[in-house]
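What follows is a set of notes on a single structure, which appears directly below.
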There are 2 protein chains.
Amino acid sequence: MISLRGISKAYSMGDTTLWALDNIDLDIHKGEFVAVMGASGSGKSTLMNILGCLDVPTRGVYSLDGAEVQSLSRNELADLRNRKLGFVFQSFNLLPRTAAIENVELPMLYNHRVTPHESRQRALAALDAVGLADRAHHYSNQLSGGQQQRVAIARSIVNDPVLMLADEPTGNLDTRTSVEVMAIFQGLNSRGITVVLVTHEQDIAQYTKRNVVFRDGKILSDSPVASP
Amino acid sequence: MISLRGISKAYSMGDTTLWALDNIDLDIHKGEFVAVMGASGSGKSTLMNILGCLDVPTRGVYSLDGAEVQSLSRNELADLRNRKLGFVFQSFNLLPRTAAIENVELPMLYNHRVTPHESRQRALAALDAVGLADRAHHYSNQLSGGQQQRVAIARSIVNDPVLMLADEPTGNLDTRTSVEVMAIFQGLNSRGITVVLVTHEQDIAQYTKRNVVFRDGKILSDSPVASP
Ligand SMILES: Nc1ncnc2c1ncn2[C@@H]1O[C@H](COP(=O)(O)OP(=O)(O)OP(=O)(O)O)[C@@H](O)[C@H]1O
Ligand SMILES: Nc1ncnc2c1ncn2[C@@H]1O[C@H](COP(=O)(O)OP(=O)(O)OP(=O)(O)O)[C@@H](O)[C@H]1O
Ligand SMILES: [Mg+2]
Ligand SMILES: [Mg+2]
């Protein structure tokens, strides 16, 4: 499903170069459930943005579902992102003066296989799955931090993605709500959806099946999660 | 130091009223180290915004350092916030196209007791304390999520506040960085500074001395943290 070869991402800061990712090789097969961990600043979000086709690597090749992503046209990329990927951003990125339900419906606006009625039903179901059915008509700025995070999660699942990318999806959630959210991701994974999530919490990583640890833009370790 | 009596915060949503805080009584004495916990949406950030004089309660009285906050003029409030309070927001609230060091210096711009030279020295020391001396000149959008969170923490300590309010300050930080940040808060508290922090992680609450748990806008429990 995902193949990274020699992936690097450089930022030039004046006369120095910062390698946010440094020559990464990584394979993730269909149906895997991967936790990406590592210190603050170690390259996790940079990796997620490249996997999500939101950023382009400086070097290296990223193949998704067999196709080399850099050879796709802008339209093909937009279509791929919309139809195949679900993305939960570290900073949520909700539309501010827009109701929760409209934020969740947004990915379906461009999806011709979903009718407006079906889109609203799916959005309500997704909000219900994250415990926010009663917040559907709150605007983003009328929601708590953890509620905004959950709206972002609901938005990421409505298009039935084949690849779910979640960057710190439980960072603002209490334990009980985190457990509910991880149950959603486990449910997706048990239906064959590939899930890659960034977390800094071991308790959350325990729900996944493989742990890839980053340090200073490189992969430090890559190992299975011991089944409890 | 902090006295809340009958504090309520209501939001009217159409024909219903949502009580984000519901008749809260709370005393926090000088030098205390309090963790505020509770489910997502239980009222923690609403409490922090009232404590930080960033929001006004619908009912009730908030006294800070003996003065009733609602009786203060706008200038007195702004002065109080700038001189006495340190605030770390759940969503960081950094100025986007502004370097980390300038974000950290911001609270000192209006502080007449700090020279520009001293302001830069203090800002660099604060960034160093959170491990970001080498990121001083990155703009906010050139920083990772956890780095932005740490810049927000550095900004909150530079004016030597008497009351530190931190809303989920380790939500985006790996374990080792979280430990470094909690050491900063413990250091402040050992110098007599009152620290109130919201967290959803028990491991973080363990660093504090008192745990106040919210549920549905009310205080569910209020107990000392067992010393390890
Ligand atoms: N402007 C607003 N209008 C309407 N309701 C609001 C508004 N702001 C907050 N709320 C509601 O008030 C409740 C408390 O919000 P608050 O942000 O204090 O929760 P919290 O405990 O900080 O949650 P979290 O852990 O998710 O950050 C939530 O249920 C939220 O939906
Ligand atoms: N636009 C940019 N310009 C320069 N440096 C950048 C830029 N974006 C990110 N960086 C740097 O790249 C490194 C990796 O950032 P990244 O966001 O991937 O880290 P992360 O592992 O997600 O961290 P966190 O756990 O704090 O979210 C960081 O050290 C950051 O300072
Ligand atoms: Mg990140
Ligand atoms: Mg909050």
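In what follows, chains carry the letters A, B, and so on, assigned in the order in which the sequence lines appear, proteins first and then strands, with residues in each chain numbered from 1. Treat the numbers as computed from the prediction; the structure is a model and nothing was measured.
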Look at atom [atom1] of [X] and say whether more than 12 heavy atoms of other residues, nucleotides or ligands are closer to it than 6.0 Å.
| X | atom1 | answer |
| --- | --- | --- |
| B:Asn93 | CG | yes |
| B:Asp25 | CG | yes |
| A:Arg210 | CZ | yes |

Check: Do you know which of A:Ser45, A:Gly43, A:Ala39 has the most heavy-atom pairs with chain B at a distance under 4.5 angstrom?
Finding: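 Max contact count across the listed options: A:Ala39.
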Which residue out of [options] racks up the most heavy-atom pairs below 4.5 Å with chain A?
| options | value |
| --- | --- |
| B:Gln90, B:Arg176, B:Gln147, B:Gln202 | B:Gln90 |
| B:His137, B:Glu168, B:Arg150, B:Met37 | B:Arg150 |
| B:Lys44, B:Arg135, B:His138 | B:His138 |

Next item on the list: Determine whether A:Ser40 and B:Ser144 make a side-chain contact, defined as any pair of heavy atoms from C-beta on separated by less than 4.5 Å.
Entry: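 Yes - at least one pair of side-chain heavy atoms lies under 4.5 Å apart.
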Item checked: Test item: A:Gln142 and B:Leu18 side chains (from C-beta on) under 4.5 Å apart, heavy atoms ->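 The answer is no; the side chains never approach within 4.5 Å.
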Item checked: OG1-CG distance between B:Thr16 and A:Asp134, expressed to the nearest 0.5 angstrom ->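 B:Thr16 OG1 to A:Asp134 CG: 10.0 Å, rounded to 0.5 Å.
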Item checked: Which atoms of A:Thr177 approach chain B - backbone, side chain, both or neither, heavy atom under 4.5 Å ->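 The side chain, not the backbone.
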Item checked: Toward chain B, the part of A:Thr170 with a non-hydrogen atom under 4.5 Å ->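 Backbone only.
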Checklist line | Per-residue contact mode, B:Glu201 against chain A (heavy atom under 4.5 angstrom) | finding: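 Interface part for B:Glu201: side chain.
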Check: Taking the side chain from A:Asp174 and the backbone from B:His200, do they hold a donor-acceptor pair closer than 3.5 Å?
Finding: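 Not confirmed, A:Asp174 side chain does not pair with B:His200 backbone.
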